[in-house]
Structure formats: structure tokens, C-alpha cells
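Read the structure below first, then the notes.
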Amino acid sequence: MFSTPFVLSFALFLSLPLLFLLAPHFLPPNNQIPIPAADEIDDQALFSRAVRSKSSFTRFSLDSKTKPKIAFLFLTNTDIHFAPLWQRFFSKTAPNLFNIYVHADPSINITIPPGVFRDRFIASKRTYRASPTLISATRRMLATAILDDPANTFFAVLSQHCVPLHSFRYVYRSLFASPTFDKSRLPTDSDAQLTRMGVNVRYRSFIEILSKSNNLWKRYAARGRFTMMPEVPFDKFRVGSQFFMLTRHHALVVLKDRQLWKKFKLPCYREDECYPEEHYFPTLLSMADPNRCTHYTLTRVN
């Protein structure tokens with residue numbers, strides 16, 4: 001007959017593996033700060049205004065004199081280190097071809113650069129690395145740019161560490177005039193319908209969308225093995241850079257989304273595998289409109 005101390009020790013030994021296996025399902029997530037309810041309400045109101053605005057449903061070319069613009073969206077939590085270089089990039093460019101928007105973490109004392117960045121800082125909220133707040137900040141910039149100017153056609157999301165490698169003229173002509181810049185586009189049956197709705201089908205979003213990664217399953221299960229279901233099954237989960245260039249149509253797709261956002265805003269149990277800003281946008285656009293995405297990006301950020 002086994003003694004009571006032996007039985008208790010043996011039971012404890014058996015329970016330890018079960019504890020490590022089941023703990024993520026009933027213990028609170030690790031040190032992740034949730035998005036405040038007030039911020040969420042403010043954002044949803046902003047996104048709804050952008051989606052309902054008249055400029056959301058019409059072509060950028062409201063008349064023959066209107067030229068499409070590139071909206072440059074800078075997401076930063078420090079000074080814009082290469083502001084002088086960007087100043088040179090924009091210096092000889094007609095102002096009717098671009099707009100600049102900067103989302104700067106309000107908790108950081110950031111020096112506002114002179115020149116083209118003056119008065120281009122938008123209403124911003126706190127951001128944290130590897131958290132859904134970076135998704136919110138990007139959506140906030142997209143909504144602001146859509147409401148600000150109906151001519152904004154491409155939306156380039158950049159960091160404070162990005163630098164331009166080509167002239168503005170080269171970038172603009174490549175996006176709007178070059179017939180060979182993007183050779184990956186294939187026509188779809190819905191092109192005619194989308195054209196009638198005011199969407200220019202020539203333009204596609206330059207966003208990295210990858211379905212294979214060494215740690216993709218770990219990232220998918222960072223909130224819990226079944227948490228993303230049923231909205232996002234594992235075979236639909238994607239990864240890619242958080243810096244990209246979206247068309248106006250896809251910017252609106254991002255702002256309209258509620259279904260995937262309620263999953264990706266959830267805190268993670270594994271912080272070392274949780275990078276929602278690298279998964280939300282590629283997954284959403286891969287599920288919503290994969291044929292009008294290049295699956296590669298024009299930016300490279302370390």
C-alpha cells in the first residue's frame with residue numbers, strides 16, 4: 001500500500017505538465033496593455049466618417065484638372081530622423097501631387113521638423129511595440145487622409161527610419177504612368193463592375209503577403225490555439241511587413257473591417273510571438289481581395 005506522502009508527491013508530479021499545458025487558457029495575458037475603451041470609440045467614429053464620406057465612393061479624378069496624389073503616412077514614436085532628406089525629396093515637387101500625415105506618440109516629446117512636416121501632425125494616441133495600438137494608429141492615419149483629400153489615391157505607410165531611394169518624380173510616374181512597373185496584375189471578372197463603382201482597377205496595393213514562415217503557427221496561436229476561430233482559420237493567416245502602400249479602395253476595406261479587428265486586438269499570451277501589426281493587414285487583404293494586391297511591398301524597414 002502506498003503511503004499518503006508518496007501519493008501526494010506523485011499526484012503533484014503528474015499535475016505539473018497539465019498546469020503548463022492549460023495555464024494559457026485561464027491565466028491572464030502577460031503585461032499587455034489593452035486599448036482603452038474611449039480610444040476605441042473615438043477611432044470607430046473616425047473610421048465611420050471616412051467610410052461614409054462622399055470622397056470614399058467617387059473616383060479621385062473628379063474633373064480633368066485633378067491629379068491623383070500620394071499620401072505619405074509617417075508612424076513614429078521618436079523624432080523623424082531623416083526629415084532633411086525627405087525635405088529634399090519633396091522640395092521640387094508640386095504640392096498638388098502629395099500629402100503628408102504624421103502620427104506621433106503623444107507620450108514622447110517629439111521635435112516637429114520645419115518645412116513640409118509643419119502642421120502635418122494628426123491627432124494621435126499612445127502606441128506600444130508589438131501591440132494592436134500600431135494597427136489602430138495606421139487605421140487612424142488612413143481615415144484622416146481619406147477625409148482630408150479625395151485626391152489621395154495611394155497611401156504609403158512609413159516609419160521615422162525610412163528614406164527615399166528614388167526621386168519623387170520616379171515614384172509618381174512608376175505608380176501612375178508606367179505600364180511595366182507592376183507586371184503581376186491579372187484581370188478579373190469583377191473589373192467592369194468595380195470600374196462602374198468608381199474604383200480604378202489599374203492600381204493595386206503594394207503589400208507583402210506571405211503564407212509561409214518558420215514560426216507562423218506560434219504567431220497564430222499566440223492568443224490561444226482556437227482564439228482566432230472561426231473568423232481566421234490557420235490556413236488564412238498571413239504575415240508581412242507593417243509598412244506598405246495601399247490603394248484608396250483597400251484603405252476603405254481596412255477602415256470598414258470589424259470582424260477581423262475584434263480578433264487581432266485581443267492580447268497575447270506569448271509576447272515573443274505576438275506582432276499583430278505584421279499580421280492584421282496581410283491577413284485582411286489576403287482574405288478580402290488577394291488579386292488586387294501585389295503580395296510584395298515597395299518599402300524595406302529593419
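Numbers for residues simply follow the sequence, beginning at 1.
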Sequence neighbours left out, what passes salt bridge (charged side-chain N to carboxylate O under 4.0 Å, His left out) with [X]? Give chain and number order.
{"X": "R173", "answer": "none"}
{"X": "E278", "answer": "R219"}
{"X": "R126", "answer": "D105"}
{"X": "R140", "answer": "D43"}

List for me each residue that meets side chain to side chain contact (heavy atoms under 4.5 Å, CB included) alongside [X], sequence neighbours excluded, and say none if there are none.
{"X": "M228", "value": "Y220, R223, V232, K263, F264"}
{"X": "S211", "value": "R238"}
{"X": "D42", "value": "K125"}
{"X": "P233", "value": "M229, D235, K236"}

### Query
Residues in ring pair (Phe, Tyr, Trp, His ring centres under 6.0 Å) with H279, at least two apart?
F237
### Query
Does anything in residues 101-132 pair up under ring-ring contact (aromatic ring centres under 6.0 Å, His included), and if so which pairs, sequence neighbours excluded?
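For residues 101-132, and leaving out neighbouring residues, the ring-ring contact (aromatic ring centres under 6.0 Å, His included) pairs sorted by first residue read F74-F117.
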Under 3.5 Å, is there a donor-acceptor pair between the side chain of [X] and the main chain of [Y]?
{"X": "D79", "Y": "T111", "value": "yes"}
{"X": "T227", "Y": "R225", "value": "no"}
{"X": "S131", "Y": "T133", "value": "yes"}
{"X": "T127", "Y": "N77", "value": "no"}
{"X": "T76", "Y": "S159", "value": "no"}
{"X": "H295", "Y": "P290", "value": "yes"}

### Task
Look at the aromatic rings of F234 and W217 and report parallel, tilted or perpendicular, splitting at 30° and 60°.
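Perpendicular: the ring planes of F234 and W217 meet at over 60°.
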[X] to [Y] - nearest heavy-atom pair and separation:
{"X": "Y269", "Y": "G224", "answer": "CD1-N, 3.9 Å"}
{"X": "I35", "Y": "S136", "answer": "CD1-OG, 3.5 Å"}
{"X": "F243", "Y": "V157", "answer": "CB-O, 3.4 Å"}
{"X": "Q242", "Y": "L134", "answer": "NE2-CD1, 4.3 Å"}
{"X": "A251", "Y": "I146", "answer": "CB-CD1, 3.9 Å"}
{"X": "I122", "Y": "M141", "answer": "CD1-CG, 3.7 Å"}

### Query
Is there a path from L255 to I41 through hydrophobic residues (I, L, V, M, F, W, Y) whose side chains come within less than 4.5 Å of each other?
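Different clusters: L255 never reaches I41 through Ile, Leu, Val, Met, Phe, Trp or Tyr contacts under 4.5 Å.
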### Query
Do you reckon L75 sits in the same ILVMFWY cluster as Y275, going by side-chain contacts under 4.5 Å, direct or chained?
no
### Query
Are side-chain N/O atoms of T78 and Q160 paired as donor and acceptor at under 3.5 Å?
yes
### Message
For the residue pair W261 / E231, report whether a side-chain donor-acceptor contact shorter than 3.5 Å exists.
### Response
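Result is no, nothing qualifies.
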### Query
T144: what forms a side chain to side chain donor-acceptor pair (under 3.5 Å) with it, not counting sequence neighbours?
none
Run the side-chain donor-acceptor check on residues 86-95: report pairs under 3.5 Å with partners two or more places apart or on a different chain.
| unit_1 | atom_1 | unit_2 | atom_2 | d |
| --- | --- | --- | --- | --- |
| W86 | NE1 | C162 | O | 3.0 |
| Q87 | OE1 | V116 | N | 2.9 |
| S91 | OG | R88 | O | 2.9 |

